[in-house]
Amino acid sequence: MEEKVYLPKNKKLKEFANAMRKQPTDEEKKLWYDFLKYITPKFHRQKVIGNYIADFYCPKLKVIIEVDGCQHYEEENVEYDKKRTLFFNSFGYEVIRVDNYDASHNIDNVAAYILEICRKKSKELNVEFKYSKE
């Protein structure tokens with residue numbers, strides 16, 4: 001039987017995560033409604049993990065997807081994102097970073113890349129994987 005891993009969460013971020021879930025960016029909407037909602041096992045949106053909020057999170061595949069706007073390329077945010085990624089990696093999660101432009105203009109390439117990683121993770125973890133749009 002699979003061992004259940006409980007991730008830490010800052011409960012103070014729950015309200016903020018709920019607000020973000022209700023008001024996603026255009027790029028998050030596109031990624032969710034055009035692609036991610038068709039993947040099994042299920043992805044969750046705006047999941048609090050530790051002191052961070054992951055844009056998209058799949059516990060069974062151990063994948064986190066972050067959709068990055070231009071602010072993520074500023075020097076202090078690059079360091080912050082590295083720290084976030086290391087934190088998520090410490091729990092065995094693979095972090096996929098998607099640029100806003102690519103989410104808007106290259107969704108087919110982004111989807112193909114995410115599918116490739118999800119299929120790889122499903123084999124590694126012996127988890128059934130399905131993309132219902134195929």
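We count residues from 1, following the sequence as given.
- In terms of heavy-atom proximity, Gln46 sits nearest to Arg21 at O-NH2, 3.0 Å.
- Val95 and Asn89 get closest at one heavy-atom pair: CG2-ND2, 4.0 Å.
- Closest approach of Phe56 and Glu28 over heavy atoms only: CZ-O, 3.6 Å.
- Here the shortest heavy-atom pairing between Ala54 and Glu66 reads CA-OE2, 3.2 Å.
- The NZ atom of Lys83 sits 10.5 Å away from the CG atom of Leu86 when rounded to the nearest 0.5 Å.
- Leu125 and Ile114 fall within a single hydrophobic cluster, where Ile, Leu, Val, Met, Phe, Trp and Tyr side chains are chained together by heavy-atom contacts under 4.5 Å.
- Side-chain contact between Pro24 and Tyr33: absent, with no pair of heavy atoms (C-beta onward) separated by less than 4.5 Å.
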For a side chain to side chain contact (heavy atoms under 4.5 Å, CB included) check, start with the C-alpha distance between Tyr52 and Leu13, then their side-chain angles and the critical distance, and finish with the verdict. CA-CA 8 Å; Tyr52 305 107; Leu13 292 175; 5.9 Å; no
Working for side chain to side chain contact (heavy atoms under 4.5 Å, CB included), residues Ile49 and Tyr93: CA-CA 11 Å; Ile49 303 173; Tyr93 284 82; 5.8 Å; no
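- Panel note: side chain Arg84, backbone Ile53; a donor-acceptor pair is recorded below 3.5 Å.
- Summarising the geometry, atom CZ belonging to Arg97 is positioned 4.0 Å from atom OG1 belonging to Thr85; distances are rounded to the nearest 0.5 Å.
- Of all heavy-atom pairs spanning Ile65 and Asp55, the tightest one is O-CB, 3.2 Å.
- Ring geometry, Phe87 versus Phe91: the interplanar angle exceeds 60°, so the pair is classed perpendicular (tilted spans 30 to 60°).
- Under the 4.5 Å side-chain contact rule for hydrophobic residues, Ile96 and Tyr101 do not share a cluster.
- Here the shortest heavy-atom pairing between Glu27 and Ala103 reads CB-CB, 3.9 Å.
- With values rounded to the nearest 0.5 angstrom, Ile39 atom CD1 is found 8.0 Å from Cys58 atom SG.
- Here the CG-NZ distance, from Leu61 to Lys121, works out to 8.5 Å after rounding to the nearest 0.5 Å.
- Put simply, the side chain of Glu94 never gets that close to the backbone of Lys62: no donor and acceptor are under 3.5 Å apart.
- Within the model, atoms NZ of Lys37 and CG of Leu31 stand 12.5 Å from one another, a figure rounded to the nearest 0.5 Å.
- Crowding of Tyr113 atom OH: a count of heavy atoms from other residues, nucleotides or ligands under 6.0 Å not exceeding 12.
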Could you walk me through whether Phe88 and Tyr57 pass ring-ring contact (aromatic ring centres under 6.0 Å, His included), step by step? CA-CA 11 Å; Phe88 294 147; Tyr57 155 83; 8.7 Å; no
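- In this structure, CE on Met20 lies 8.5 Å from OG1 on Thr25, to the nearest 0.5 angstrom.
- Taking hydrophobic clusters as Ile, Leu, Val, Met, Phe, Trp and Tyr residues chained together by side-chain heavy-atom distances below 4.5 Å, Ile64 does not share a cluster with Val48.
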